[in-house]
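Worksheet for the structure shown next.
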Amino acid sequence: QQQVKQSPQSLIVQKGGISIINCAYENTAFDYFPWYQQFPGKGPALLIAIRPDVSEKKEGRFTISFNKSAKQFSLHIMDSQPGDSATYFCAASDQAGTALIFGKGTTLSVSS
Amino acid sequence: DAEITQSPRHKITETGRQVTLACHQTWNHNNMFWYRQDLGHGLRLIHYSYGVQDTNKGEVSDGYSVSRSNTEDLPLTLESAASSQTSVYFCASKGDRGDEQYFGPGTRLTVT
């Protein structure tokens, strides 16, 4: 049973456009929702994260939108750049532990 | 600077052999994790530890074991390597106060 579902699997965006990646979760005990960015040959690195007490968090060009009632959250990348081309993973963890449950990932390509 | 390292970075082994992947972190983090990354599956949790002498099974623990004898290290052992265990393995660590998991550079394991 997949607890965190991520879509789309791949995404191609023009430079300067908006990239949107969506995730849905099932476990209502989840209370921490990070997004990780991974470049080829590297380990994932935390990009931005949110807790369910807020509906939106923005850091530079990256924004997480969170809908608790729908059990969905999304990553928006504004003014997408070729350097943003990477694989993005959403994840979630619950109050009882710190182990993360990851989505399957989205490969983003930003064309110049 | 504090860091998390994995060794070896690449390993080729034969079916049936025992293999141990090393993970070492210098942050003095209590929480350590092992994930495997496969195309189409994202990152899946293998084992994790919340402190010395503590180990827990994750989603895909069959055929793997870990031991935690000190804070800095969490080696992952494949008791009898199988072709299905060909994957990229990532180790991560997390402090007790913050939420962020820090990932190592990964080990690419091929079982022939």
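First the proteins, then the strands, lettered A, B, ... as listed; each starts at 1. Values reported hereafter were calculated over all heavy atoms of this structure, with side chains retained and with hydrogens, waters and symmetry mates removed.
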- Message: Tell me whether the count of non-hydrogen atoms from other residues, nucleotides or ligands lying under 6.0 Å of CZ in R44(B) goes above 12.
- Response: yes
- Item | Neighbour count above 12 (heavy atom, 6.0 Å) for Q18(B) CD | yes
- Task: Following the transitive rule for hydrophobic clusters with a side-chain heavy-atom cut-off under 4.5 Å over Ile, Leu, Val, Met, Phe, Trp and Tyr, establish whether M32(B) and F103(B) coincide in one cluster.
- Result: no
- Query: When you look at CD of Q14(A), are more than 12 heavy atoms from neighbouring residues, nucleotides or ligands closer to it than 6.0 Å?
  - Reply: no
- Query: Is it the backbone or the side chain of L100(A) that comes under 4.5 Å from a heavy atom of chain B, or both, or neither?
  - Reply: both
- When the 4.5 angstrom heavy-atom criterion is applied to P44(A) and chain B, the contacting part is both
- Looking only at heavy atoms, which two atoms of G43(A) and F90(B) are closest? And how far apart? CA-CE2, 3.4 Å
- Task: Mind checking side chain to side chain donor-acceptor pair (under 3.5 Å) for Q37(B) and listing every partner two or more places apart, or none if nothing turns up?
- Result: Q38(A)
- Message: Please find the pair of heavy atoms, one from L43(B) and one from F102(A), that lie closest to each other, and give the distance.
- Response: O-CB, 3.5 Å
- Part of N31(B) within contact of chain A (heavy atom distance under 4.5 Å): side chain
